[in-house]
S.K.: 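Following this message is one structure expressed as structure tokens.
Every value quoted in this text rests on a predicted model; they were computed, and no experiment measured them.
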Amino acid sequence: MKKKLILITGSSGFIGKFFLKDALNKGFYVVDILRNKNKSNKELNYLRKKYPKNYKTIFFKKNEQIKNKLKRIKIDYFINFATLYKNTHKFGDISKFLNSNIEFPTLILDQLNSNVKKIINFGTMMQHTDGKNYKPRNFYASTKSAFEMILAFYETIHPKTKFYNLKFFESFSESDKRKKLIPTLFLNYKKNAKTFIKSKNLSLNIIHVNDILNAIYIVLKNNIESGSYGLIQKKNTQISKLIKIINIKKKRKLKVKYLNNQIDKIQKSKLKVLKKWKPDIKIEKKIQKMFNNENN
């Protein structure tokens, strides 16, 4: 595929940063759009110096600046990684959710024209507590569903552009520093600290970040039908079983305390499976290897 110009949001976030590095390494031309506060981001500044011809950034202070700055570039693909995630919300969080998950990507959408070939948006399986219908688990998921409705409107006025929503439950990489369960377990193990887990019956459906990137390239390179697709492991990871397996090989064990909290059962996804995609990385083996490589 001839290298095209990709516009992305969320390059300072988890999945967006992984994609940015990988796409630049593969020779793609990438433009990201960031608020001025990200000018001091060391990782992104390093990438600009390393790939001066392939990587450019649109910085903005006020939303009104987005319109004129986007007019200067010809975009082939747009990928929306921008997201604000919290499992719960407070009153003061509402405007932040609306700005990051709805208003900001919508302002960009509104400036794109029919020459954009494909638009990829990242949602979450938390939008689908019954596996298919839009029954969001939390306010975060509800904002993701609201933005999908906005995407559907732009799909009607740009019939030549293909629109995709890619969704998963949990993402993971060995360098993950987020306050998610597996990174927290790993950090606490290194500190010899105890991790509190809401239930011994907790199961997670976890996708490695490299499998997520692979899904993006499949969409970019192939004639895939517009629609929503679930990036889902066929088998969920039972956390207590995973910890038990890891502890068998460790002299110093993972310290955990299982609580008796109620947990939501993972509903089987009824979303379409992305054509030509499957998770190649055995996620449980990856996690076990990460812990096994850490000194006892």
Side-chain angles (χ1 to χ4, degrees), residues 1-34 44 47-48 50-51 53-58 70 73-83 104-106 108-125 144 147-148 150-152 154-155 157-168 171-173 207-233 269 271-281:
M1 181 180 76
K2 183 179 177 182
K3 300 299 186 295
K4 303 290 186 178
L5 180 62
I6 305 173
L7 174 70
I8 69 172
T9 59
S11 58
S12 61
F14 182 66
I15 304 296
K17 191 178 296 181
F18 272 101
F19 175 77
L20 176 62
K21 293 177 182 178
D22 195 69
L24 292 172
N25 187 52
K26 285 180 166 61
F28 285 91
Y29 297 95
V30 182
V31 173
D32 59 359
I33 180 163
L34 294 165
L44 298 182
L47 291 174
R48 288 187 198 97
K50 186 176 180 179
Y51 302 98
K53 294 182 180 179
N54 288 51
Y55 177 30
K56 306 293 181 184
T57 296
I58 296 174
L70 279 179
I73 56 175
K74 181 181 178 182
I75 301 162
D76 296 289
Y77 306 112
F78 171 48
I79 306 177
N80 179 40
F81 295 107
T83 189
F104 174 52
T106 300
I108 295 173
L109 268 180
D110 200 63
Q111 299 308 307
L112 302 182
N113 56 47
S114 297
N115 293 324
V116 177
K117 297 172 179 62
K118 296 178 180 180
I119 293 174
I120 302 173
N121 173 59
F122 275 88
T124 170
M125 287 303 300
K144 285 294 186 179
F147 181 66
E148 276 191 46
I150 294 172
L151 271 176
Y154 283 96
E155 191 170 3
I157 61 177
H158 297 305
K160 294 183 179 180
T161 302
K162 291 192 172 183
F163 289 74
Y164 306 91
N165 293 295
L166 302 183
K167 306 178 185 183
F168 49 85
S171 58
F172 168 76
S173 88
I207 296 291
H208 195 277
V209 66
N210 289 346
D211 283 326
I212 296 173
L213 299 188
N214 185 40
I216 297 172
Y217 295 124
I218 287 173
V219 171
L220 293 179
K221 297 178 181 179
N222 295 277
N223 185 23
I224 305 293
E225 181 183 1
S226 294
S228 293
Y229 297 92
L231 307 181
I232 311 297
Q233 295 276 9
S269 171
L271 294 182
K272 293 182 288 186
V273 177
L274 182 65
K275 187 178 180 180
K276 300 185 178 184
W277 180 87
K278 67 177 181 178
D280 292 327
I281 296 175

S.K.: Does V31 form a side chain to side chain contact (heavy atoms under 4.5 Å, CB included) with Y55? I'd like the steps, not just the answer.
M.R.: CA-CA 6 Å; V31 173; Y55 177 30; over 6 Å; no

S.K.: I'd like to know whether NZ of K278 has more than 12 heavy-atom contacts from other residues, nucleotides or ligands below 6.0 angstrom.
M.R.: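 No - once you tally the heavy atoms of other residues, nucleotides and ligands closer than 6.0 Å, there are 12 at most.
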
S.K.: Quick one: are V116 and D76 in side-chain contact, heavy atoms under 4.5 Å?
M.R.: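 A side-chain contact under 4.5 Å is absent here.
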
S.K.: As an exercise, state the distance from CG of L109 to CD1 of I150, rounded to the nearest 0.5 Å.
M.R.: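 The distance works out to 8.0 Å.
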
S.K.: Are any of the side-chain nitrogens in K167 or E148 under 4.0 Å away from the carboxylate oxygens of its partner?
M.R.: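 Salt bridge present between K167 and E148.
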
S.K.: To the nearest 0.5 Å, what is the distance between CG on N80 and CZ on F104?
M.R.: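 So the CG of N80 and the CZ of F104 are separated by 8.0 Å.
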
S.K.: T161 vs I119, test: side chain to side chain contact (heavy atoms under 4.5 Å, CB included). Steps then yes/no.
M.R.: CA-CA 7 Å; T161 302; I119 293 174; 4.0 Å; yes

S.K.: Between Y217 and D22, do the side chains contain an N or O donor and an N or O acceptor separated by less than 3.5 Å?
M.R.: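 A donor-acceptor contact under 3.5 Å links the two side chains.
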
S.K.: Does atom OH of Y29 have more than 12 heavy-atom neighbours, drawn from other residues, nucleotides or ligands, at distances under 6.0 Å?
M.R.: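 No, OH of Y29 has 12 or fewer neighbouring heavy atoms, counting only those of other groups under 6.0 Å.
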
S.K.: Please find the pair of heavy atoms, one from A23 and one from V30, that lie closest to each other, and give the distance.
M.R.: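 Nearest heavy atoms, A23 then V30: CB-CG2, 4.1 Å.
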
S.K.: Got a second to check how far L7's CG is from I33's CD1, nearest 0.5 Å?
M.R.: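 Those atoms lie 6.5 Å apart.
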
S.K.: Does a side-chain heavy-atom distance below 4.5 Å link F28 with K4?
M.R.: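 No; the side chains remain at least 4.5 Å from each other.
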
S.K.: Using 0.5 Å steps for rounding, measure from the CD atom of Q233 to the CD1 atom of I281.
M.R.: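 One finds 9.5 Å between CD of Q233 and CD1 of I281.
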
S.K.: Between N222 and K275, is there a side-chain donor-acceptor contact under 3.5 Å, judged purely by atom types and distance?
M.R.: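 No, because no side-chain N or O of K275 sits under 3.5 Å from a partner of the opposite role on N222.
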
S.K.: Quick one, I79 and I216 - any side-chain contact, counting heavy atoms below 4.5 Å?
M.R.: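 Answer yes - side chains close enough.
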
S.K.: Take atom NZ in K272; do more than 12 heavy atoms of anything else shown fall under 6.0 Å from it?
M.R.: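 Yes, enclosed.
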
S.K.: Measure across P279 and I232 and return the closest heavy-atom pair with its distance rounded to 0.1 Å.
M.R.: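 In this case the closest contact between P279 and I232 is CG-O, 4.2 Å.
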
S.K.: Evaluate the side-chain proximity of I6 to I75: yes if any heavy-atom separation is below 4.5 Å, no if none is.
M.R.: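 A side-chain contact is absent here, since even the closest heavy-atom pair is not under 4.5 Å.
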
S.K.: Considering non-hydrogen atoms only, spot the tightest contact between F172 and F14 and give its length.
M.R.: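 In terms of heavy atoms, the two residues are closest at C-CZ, 4.2 Å.
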
S.K.: Tell me the closest heavy-atom pair linking S226 and Y229, and the distance in Å.
M.R.: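 That would be O-OH, 4.1 Å.
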
S.K.: Begin from the C-alpha positions of F168 and T124 and carry the test side chain to side chain contact (heavy atoms under 4.5 Å, CB included) through to its verdict.
M.R.: CA-CA 5 Å; F168 49 85; T124 170; over 6 Å; no

S.K.: Just so I know, are the side chains of S11 and L20 near enough to count as touching, which here means a heavy-atom distance under 4.5 Å?
M.R.: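 In contact.
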
S.K.: Is any side-chain heavy atom of T57 closer than 4.5 Å to a side-chain heavy atom of R48?
M.R.: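 Counting from C-beta outward, T57 and R48 do come under 4.5 Å.
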
S.K.: When you measure from the side chain of W277 to the backbone N and O of D211, does any donor-acceptor pair fall under 3.5 Å?
M.R.: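 Here the side-chain-to-backbone pair exists.
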
S.K.: For the residue pair M125 and S269, establish whether any side-chain heavy-atom pair is separated by less than 4.5 Å.
M.R.: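 Side chain of M125 against side chain of S269, heavy atoms only: contact under 4.5 Å found.
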
S.K.: Below 4.5 Å, heavy atoms only, C-beta onward: do T83 and I15 meet side chain to side chain?
M.R.: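 They are not in side-chain contact.
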
S.K.: Has the side chain of K118 got a donor or acceptor atom that lies under 3.5 Å from a matching backbone atom of V219?
M.R.: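 Side chain of K118 to backbone of V219: a pair is present.
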
S.K.: Specify the closest pair of heavy atoms between S173 and F18, including all atoms of both residues, with the distance to one decimal.
M.R.: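 Smallest interatomic distance, heavy atoms only, reads OG-CZ, 3.2 Å.
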
S.K.: Do any N or O atoms from the side chain of K162 and from the backbone of I120 form a donor-acceptor pair under 3.5 angstrom?
M.R.: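 Side chain of K162 to backbone of I120: no pair is present.
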
S.K.: Which heavy atom of I224 sits nearest a heavy atom of Y164, and at what distance?
M.R.: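 Scanning both residues, the minimum pair turns out to be O-OH, 2.6 Å.
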
S.K.: Can you measure from CG (N115) to NE2 (H158) and round to the nearest 0.5 angstrom?
M.R.: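 Those atoms lie 10.0 Å apart.
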
S.K.: If you measure from CG on L151 to CG on N165, what distance do you get to the nearest 0.5 Å?
M.R.: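 Answer rounded to 0.5 Å: 5.5 Å.
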
S.K.: Under the criterion side-chain contact (heavy atoms from CB on, under 4.5 Å), which of L24, I8, I212 is the partner of F19?
M.R.: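 Passing option: I8.
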
